[in-house]
Number of protein chains: 2
Amino acid sequence: MGNNQKIGSTEEKILEAAKKVFIQKGMYGARMQEIANEAGINKALLHYYFRSKDQLFEAIFQEAFTEFIPKAFSVFHSKKPFEEKLKLFVSNYIDVLTANSYLPIFMLNEINQNPDRLGHMVNMMGIVRDKVSVELKINEEEGRYRAMDTVQLLSLVIGMTLFPYLAKPIIKGAFSLDNETFHAFLEERKILIPEIILNYLKIKN
Amino acid sequence: MGNNQKIGSTEEKILEAAKKVFIQKGMYGARMQEIANEAGINKALLHYYFRSKDQLFEAIFQEAFTEFIPKAFSVFHSKKPFEEKLKLFVSNYIDVLTANSYLPIFMLNEINQNPDRLGHMVNMMGIVRDKVSVELKINEEEGRYRAMDTVQLLSLVIGMTLFPYLAKPIIKGAFSLDNETFHAFLEERKILIPEIILNYLKIKN
DNA sequence: TTTAATTTTGACCAAATGGTTAAATCAAAT
DNA sequence: ATTTGATTTAACCATTTGGTCAAAATTAAA
């Protein structure tokens, strides 16, 4: 089998179909038959390429993990000033999320149901925290920022940014937003969220 | 059957067990047999009290909906000044969430998988939005607050408050917080979140 | 062209699962 | 004590579901 997955190959069709069904229905709600139908192939082929439902799921889950998350947090490894990093992160994160709208709730749910899946993410987030900590410290010591806990900061920013995707049906339903309005609503947050955070962090003279 | 569910009654034992299992495993992952075991009764009894898995699930889901959500948003119906309402909401919401730590991800996930379940919530959130809108408008017109979209404000506050519960395993894992530290982390947000929002809203002289 | 290896399929299977039923037990009323 | 109605149980049932297998079809190698 190997790693040579040319585009349009059976393996890729399966992964595409599995991603769609797993994300929509979750690990338990997904049916192997439905994935096979979605991929336009025989159910036995699923087991030929991926031994079991668990292994197929794992493949999807890990792919999301190793592609999606690092992409979102890559900014923090750059050498830009913190203020710019923050703005870029939110903007970039929103774009990545918009392109993978249903991933977050899926991932969060699966992690909650089986925290073992966390794996590498722990390390990566730890690194991000350490980097941000250093920058906050510098800005604090130079009298520009007030003191603030890094974990609080990160979880506030991520929470604000992520929430609309997790609660998409609720927000759209409760506030009767059509697709266009919802999208504008998301775009506005690229500016709003950093503004709110920086407004709080920065010490006024 | 009726509504007279004395404590310790079979019906209540079932609901308790079902809540536990459904919240942990979700609609598809939950097994009727496991619910029966958890309640210490025969599986057929589940079908005697609640005709089907769907109906049992619906009972759990609606209970969470009609008890949990209104409790969290009740503050907005009071006559306190907006600033106090905001503080009380966050503090109250955090307490309710702490006591029902696994409900949010469960509800959000089930709504995402079947948005029809939204039901009444739509109306209630609409009312909250309208009430907040009026208060923001007054404060804006009297020169105390800057202009801000109500839906943005609400979703920012809710997002910040809710996120730690949705990502509890991630936050605890990635930042190595023990239960005690995590709880302190949550408590701190009762003050932090209103502070950040009001700091942004209020116009400085 | 033959041969060998790989990919794909249809038919099938055992286990799990939601649900049913008829009998047994229990509580209340007569 | 007997009857009546609700509650509980064990044994079953039909269907669904993940998974297997041998054979067919296709592709690659000789």
Side-chain angles (χ1 to χ4, degrees), chain A residues 1-63 106 109-110 113-114 116-117, chain B residues 1-63 106 109-110 113-114 116-117:
Chain A
M1 161 175 22
N3 280 347
N4 36 344
Q5 33 170 264
K6 317 164 194 167
I7 55 168
S9 73
T10 304
E11 190 177 346
E12 212 193 40
K13 277 194 295 181
I14 293 178
L15 283 170
E16 208 55 44
K19 190 192 284 186
K20 183 172 173 185
V21 176
F22 273 130
I23 287 178
Q24 205 171 83
K25 308 274 180 78
M27 164 65 181
Y28 294 114
R31 298 286 162 247
M32 293 298 267
Q33 186 58 60
E34 191 181 349
I35 295 174
N37 292 344
E38 182 75 32
I41 54 150
N42 189 289
K43 179 164 72 88
L45 253 194
L46 295 182
H47 291 87
Y48 176 74
Y49 279 91
F50 305 85
R51 200 178 297 277
S52 66
K53 186 183 183 182
D54 283 270
Q55 283 193 36
L56 179 53
F57 179 85
E58 206 61 31
I60 300 298
F61 191 80
Q62 288 306 328
E63 189 202 330
F106 164 74
N109 191 52
E110 296 297 338
Q113 274 173 26
N114 186 357
D116 295 337
R117 301 196 195 285
Chain B
M1 167 179 5
N3 280 347
N4 36 344
Q5 32 170 263
K6 318 165 194 165
I7 55 170
S9 73
T10 303
E11 190 177 344
E12 213 192 37
K13 277 194 296 182
I14 293 177
L15 282 171
E16 208 54 44
K19 191 192 282 186
K20 184 173 173 185
V21 176
F22 273 131
I23 287 179
Q24 203 170 84
K25 308 274 180 78
M27 163 65 182
Y28 294 113
R31 298 286 163 245
M32 292 299 266
Q33 186 59 58
E34 192 181 349
I35 295 174
N37 292 343
E38 182 75 33
I41 53 150
N42 191 286
K43 179 164 71 87
L45 253 195
L46 296 181
H47 291 88
Y48 177 75
Y49 279 91
F50 305 85
R51 200 179 297 275
S52 64
K53 186 183 184 183
D54 283 272
Q55 282 193 37
L56 179 53
F57 178 84
E58 203 61 30
I60 300 299
F61 191 81
Q62 288 307 327
E63 189 200 330
F106 164 73
N109 191 51
E110 296 297 339
Q113 274 173 27
N114 185 356
D116 295 338
R117 301 196 196 284

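All values derive from a computational prediction rather than experimental measurement. What you see below is based on every heavy atom in this structure, not just the backbone, and it leaves out hydrogens, waters and symmetry mates. Quick note on labels: first sequence line is chain A, next is B, and so on, each numbered from 1.
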K.L.:
Send over the distance from A:Tyr48 OH to C:dT7 P, rounded to a whole Å.
P.N.:
4 Å

K.L.:
To the nearest 0.5 angstrom, please state how far the CD atom of A:Gln55 sits from the CD1 atom of A:Ile60.
P.N.:
12.5 Å

K.L.:
Take atom CD in A:Glu16; do more than 12 heavy atoms of anything else shown fall under 6.0 Å from it?
P.N.:
no

K.L.:
If you go through the side-chain atoms of A:Lys43, does one of them form a donor-acceptor pair with the base of D:dG18 closer than 3.5 Å?
P.N.:
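Such a pair exists between side chain and base.
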
K.L.:
Output yes when at least one side-chain N/O atom of A:Arg31 is less than 4.0 Å from OP1 or OP2 of D:dT16, else no.
P.N.:
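So the side chain of A:Arg31 is outside the cut-off, no N or O lying under 4.0 Å from OP1 or OP2 of D:dT16.
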
K.L.:
Whether B:Thr10 contacts D:dT7 is assessed here as follows: a side-chain N or O lying under 4.0 Å from the phosphate OP1 or OP2. Is that the case?
P.N.:
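No.
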
K.L.:
With respect to the phosphate group of C:dT8, does any side-chain polar atom (N or O) of A:Asn42 fall under 4.0 Å of OP1 or OP2?
P.N.:
no

K.L.:
Could you give the NE2-to-C1' distance, from B:His47 to D:dC13, as a whole number of Å?
P.N.:
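Spelled out: NE2 on B:His47 to C1' on D:dC13 is 13 Å.
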
K.L.:
Consider the side chain of B:Ala44, meaning its heavy atoms from C-beta on, and name the nucleotide among C:dG18, D:dT9, D:dT20 that approaches it most closely.
P.N.:
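That would be D:dT9.
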
K.L.:
Whole-Å distance between C:dT20 P and B:Arg51 CZ?
P.N.:
8 Å

K.L.:
Can you tell me how far CE of B:Met27 sits from CD of B:Glu58, rounded to the nearest 0.5 angstrom?
P.N.:
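Taking CD in B:Glu58 and CE in B:Met27, the distance rounds to 9.0 Å.
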
K.L.:
Any chance NZ of A:Lys53 has more than 12 other-residue heavy atoms, nucleotides or ligands included, within less than 6.0 Å?
P.N.:
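Atom NZ in A:Lys53 is crowded, with more than 12 foreign heavy atoms closer than 6.0 Å.
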
K.L.:
C:dT7 phosphate, OP1 or OP2: any side-chain N/O from A:Tyr49 under 4.0 angstrom?
P.N.:
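No, no such contact exists.
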
K.L.:
Provide, to the nearest angstrom, the distance between the CG atom belonging to A:Leu45 and the P atom belonging to D:dG18.
P.N.:
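So the two atoms are 16 Å apart, to the nearest Å.
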
K.L.:
Could you state the CE-C1' distance from B:Met32 to C:dT20, rounded to the nearest angstrom?
P.N.:
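The answer, rounded to whole Å, is 13 Å.
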
K.L.:
Indicate, with a heavy-atom threshold strictly under 4.0 Å, whether B:Ala30 touches base, sugar-phosphate, or nothing.
P.N.:
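B:Ala30: backbone/sugar contact only, no base atoms under 4.0 Å.
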
